[in-house]
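For reference, the structure discussed in these notes is given below.
Residue numbers start at 1 and run along the sequence shown.
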Amino acid sequence: DLHEVPVAEWPAIYANVVNGMPATLIGSLASVLVSLSASGRLWTLQAEGLAPAAPDGTIDANGALDRLRPPLLGTMARAPVAYTLWRTAVKSTKLGGVDIKAGDRIVIGVGSALAQAPGEVGLMFGDGRNGGSGNERHACPARSIAIGAQCGAIAALLQAGELRGSPDPALLRLPIG
């Protein structure tokens, strides 16, 4: 929530989102689609439909998000695109018995942390926006956008027509015409 962040920090947050989000979002979406295709979950979602359609044929966005969010987050947690990150400590602390001084650079093994704490999806995005320890301003500012954009992209693919697999789970076919 930007209400809690000093206005002087807004440009840096914006720059981080603009510079970091596109590549991470595209990489994550590709990873998720490959995993959903290889596991068969994509075909189940396609066969079952995203959510009940309205009489005019439109899909209920909240219902689709409810169907897509669990497999999306689960896949992201098993194969995070940002497998390692670096951060700069803003205050001195002790972590795992190691003294860390303000200004120290720390390498964070997101993939390793997620492997040791399955289901802790918030680790991918930093401190977590819901129920975090109070350091949310150091978490990913684009978390909701990233999840929403990936769910939207997957929903659009599933609604575009009958997706077909190929021997390579990274290649999906969508017949046109």
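Residue I145 is grouped with residue L25 when hydrophobic side chains (ILVMFWY) are merged at heavy-atom distances under 4.5 angstrom, including chains of intermediate members. The hydrophobic clustering, which links ILVMFWY residues whose side-chain heavy atoms are closer than 4.5 Å, places L73 and L158 together. Tracing side-chain contacts under 4.5 Å through hydrophobic residues (I, L, V, M, F, W, Y), one reaches L33 starting from I147; they form part of the same cluster.
Between P167 and P169, the closest heavy-atom pair is O-CD, 3.6 Å. Contact detail for L65 and C151: the closest heavy-atom pair is CD1-SG, 3.4 Å.
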Can you list, pair by pair, the side-chain donor-acceptor contacts under 3.5 Å of residues 38-47, counting residues two or more places apart and other chains?
| unit_1 | atom_1 | unit_2 | atom_2 | d |
| --- | --- | --- | --- | --- |
| S39 | OG | S35 | O | 3.1 |
| S39 | OG | L36 | O | 3.3 |
| S39 | OG | R41 | N | 3.3 |
| W43 | NE1 | S37 | O | 3.4 |
| T44 | OG1 | G40 | O | 3.3 |
| Q46 | OE1 | L163 | N | 2.7 |
| Q46 | NE2 | L163 | O | 3.2 |

Side-chain donor-acceptor pairs of residues 100-115 under 3.5 Å, sequence neighbours excluded:
| unit_1 | atom_1 | unit_2 | atom_2 | d |
| --- | --- | --- | --- | --- |
| D104 | OD2 | K101 | N | 2.9 |
| R105 | NE | T88 | OG1 | 3.2 |
| S112 | OG | Q116 | NE2 | 3.1 |

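In this structure a side-chain-to-backbone donor-acceptor pair under 3.5 Å is missing from S28 to T24.
For residues 161-176, there are no side chain to side chain donor-acceptor pair (under 3.5 Å) pairs, not counting sequence neighbours.
Applying the side-chain contact (heavy atoms from CB on, under 4.5 Å) test to A153 and every residue at least two apart in sequence or in another chain returns L29.
A 6.0 Å sphere centred on CG of L174 holds more than 12 heavy atoms belonging to other residues, nucleotides or ligands.
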